[in-house]
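Worksheet: one structure, shown below.
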Number of protein chains: 2
Amino acid sequence: MGLQGAATRERILHEGLDLLTETGLSGVTLGALAQHAAMSKSGLFAHFSSIEEVQIELLDHMAEVSAAKVVRPAMLAAAGLPRLKALVNNWLGWTTKAGLRGGCPVAAALFELDDAEGPVRAKVLAMEAYWRGLLTQLTRQAVELGHLRADLDASQFVWELCGIYLSHHVSRRFLRDPRSEKRAQAAFAAMLDRSRSSEEENR
Amino acid sequence: MGLQGAATRERILHEGLDLLTETGLSGVTLGALAQHAAMSKSGLFAHFSSIEEVQIELLDHMAEVSAAKVVRPAMLAAAGLPRLKALVNNWLGWTTKAGLRGGCPVAAALFELDDAEGPVRAKVLAMEAYWRGLLTQLTRQAVELGHLRADLDASQFVWELCGIYLSHHVSRRFLRDPRSEKRAQAAFAAMLDRSRSSEEENR
DNA sequence: CAATAGCACGACCGGTCGTGCTATTCTTTA
DNA sequence: TAAAGAATAGCACGACCGGTCGTGCTATTG
């Protein structure tokens with residue numbers, strides 16, 4: 001694969017990411033993708049070996065973008081609660097902040113692929129596992145540093161945090177409620193409130 | 001439409017509801033539906049004027065089932081917090097309790113139809129609005145009866161409750177985590193804890 | 001200048017989608 | 001029991017799906 005080929009591949013994935021956020025995995029067809037990349041279906045498909053490979057590479061590309069826009073900036077914050085807060089803040093509505101037109105593809109895929117088997121589901125499962133692992137890790141660190149209660153169940157904390165994220169997604173994308181942002185922030189604040197350690201309570 | 005026609009229609013909607021919970025709206029195709037109902041595509045289609053009508057009637061049928069299995073039994077509980085608790089309990093994982101093979105179609109549709117326009121989206125939006133309205137109403141009643149804090153924001157409460165429901169859906173259907181039930185119960189209990197009025201705190 | 005390799009193209013495959021139109025079979029009723 | 005009407009099946013359509021194939025253009029290399 002030469003220079004131009006690699007560039008085209010990049011362009012396909014870049015344009016495709018927008019499509020993915022707007023329509024979900026099922027909307028990423030060769031025809032639609034070709035139209036977005038302004039090239040023929042066959043010309044586009046020459047870069048991949050199956051539509052599943054396209055989907056998986058798009059998910060990989062999304063992971064790179066979110067790592068750059070969501071995770072890395074948050075890691076600059078001080079360890080413990082500040083870092084966790086920063087990550088959650090960057091996470092909520094991250095696609096919009098990243099200049100994408102639609103919503104989080106992983107959130108959509110969690111509902112789209114709940115029954116389907118195969119490599120795409122496995123990919124999404126791995127990404128979700130990684131993400132929840134990261135959240136759990138930062139939560140545990142906040143506990144260790146005394147920012148959160150010592151007896152806090154980190155897994156449960158993350159499980160509820162994901163609920164806030166999903167409710168925010170629905171509220172924003174389906175219900176189109178302008179108060180989505182406030183609701184999510186309030187929910188997160190309330191969850192932190194009852195998770196804080198006593199010596200940190202009045203700050 | 002004669003007697004037998006009505007019976008067949010009923011059968012189609014009944015079989016179709018299982019299909020809907022398993023595959024979501026996009027999986028409810030005329031072919032798949034005909035196979036489930038053991039009849040020809042065209043014979044089945046003669047009962048409807050468009051696939052959208054099929055989808056809307058399926059959603060209506062789902063609403064009837066959930067009214068019978070989720071709402072009405074909960075209404076027998078004492079007004080206020082007991083009734084709210086009963087409703088949430090029946091709500092979580094209600095499709096399984098109703099003998100359906102898949103997950104809640106509305107939850108799936110909230111992610112499937114976030115961009116699509118048209119009557120099906122409108123139908124789901126109306127159903128979701130009705131449902132959140134019902135939850136809000138019961139929450140307000142619990143406040144009025146002194147079971148929950150007087151200064152509780154009922155809308156925010158319901159918003160967070162929906163987050164628990166969505167996280168439960170994902171946890172159960174996509175992640176296939178056997179602890180889903182416990183997680184959801186714990187989250188709901190924690191939310192009630194910080195919403196209870198002071199005179200009810202130690203019960 | 002000729003040979004090669006990378007890249008994109010249009011045409012086409014079998015299959016499924018929603019949706020008409022027409023024919024046949026069943027049920028009901030006069 | 002025969003006519004009427006409802007219920008179902010058969011069949012064809014255009015659009016789109018993922019995917020293959022042969023062709024031509026362009027740029028590099030010998």
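Only this structure's heavy atoms are used, side chains among them; waters, hydrogens and symmetry mates stay out. On a predicted model such as this, the values are computed, not experimentally measured, just so you know. Within every chain, numbering begins at 1; the chains are lettered A, B, ... in the order of the sequence lines, protein sequences first and strands thereafter.
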Does B:H47 place a side-chain N or O at less than 4.0 Å from the phosphate oxygens OP1/OP2 of D:dA6? no
Check nucleotides 16-20 of chain C for protein N or O atoms closer than 3.5 Å to its own N or O atoms and list the pairs.
residue : atom : partner : partner atom : Å
C:dC17  : OP1  : B:T29   : OG1          : 3.2
C:dG18  : OP2  : B:L30   : N            : 3.0
C:dG18  : N7   : B:K41   : NZ           : 3.3
C:dT19  : OP2  : B:I51   : N            : 2.6

Exercise: do A:Q156 and A:E160 side chains pair donor with acceptor under 3.5 Å: yes
For A:A109, enumerate each residue passing the side-chain contact (heavy atoms from CB on, under 4.5 Å) test, keeping only those at least two apart in sequence or located in another chain. A:L25, A:L113, A:V124
Roughly how many Å is it from CD in A:E53 to P in D:dG18, rounded to a whole number? 14 Å
Starting at atom CG of A:L44, determine the distance to atom P of C:dC9, rounded to an integer number of angstrom. 9 Å
Taking any heavy-atom pair under 4.0 Å as a contact, classify B:A46: base, sugar-phosphate, or nothing. base
Has A:R140 got its NZ or CZ under 6.0 Å from the middle of the six-membered ring of A:F157, at an angle within 45 degrees of the ring axis? no
Tell me the interatomic distance from A:L33, atom CG, to D:dC17, atom C1', rounded to whole angstroms. 14 Å
How are the rings of A:H169 and B:F111 set to each other: parallel, tilted or perpendicular (split at 30° and 60°)? parallel
Salt bridge or not between B:E181 and B:K97? Use side-chain N to carboxylate O under 4.0 Å. no
Any side-chain donor-acceptor pair under 3.5 Å between B:T96 and B:R172? yes
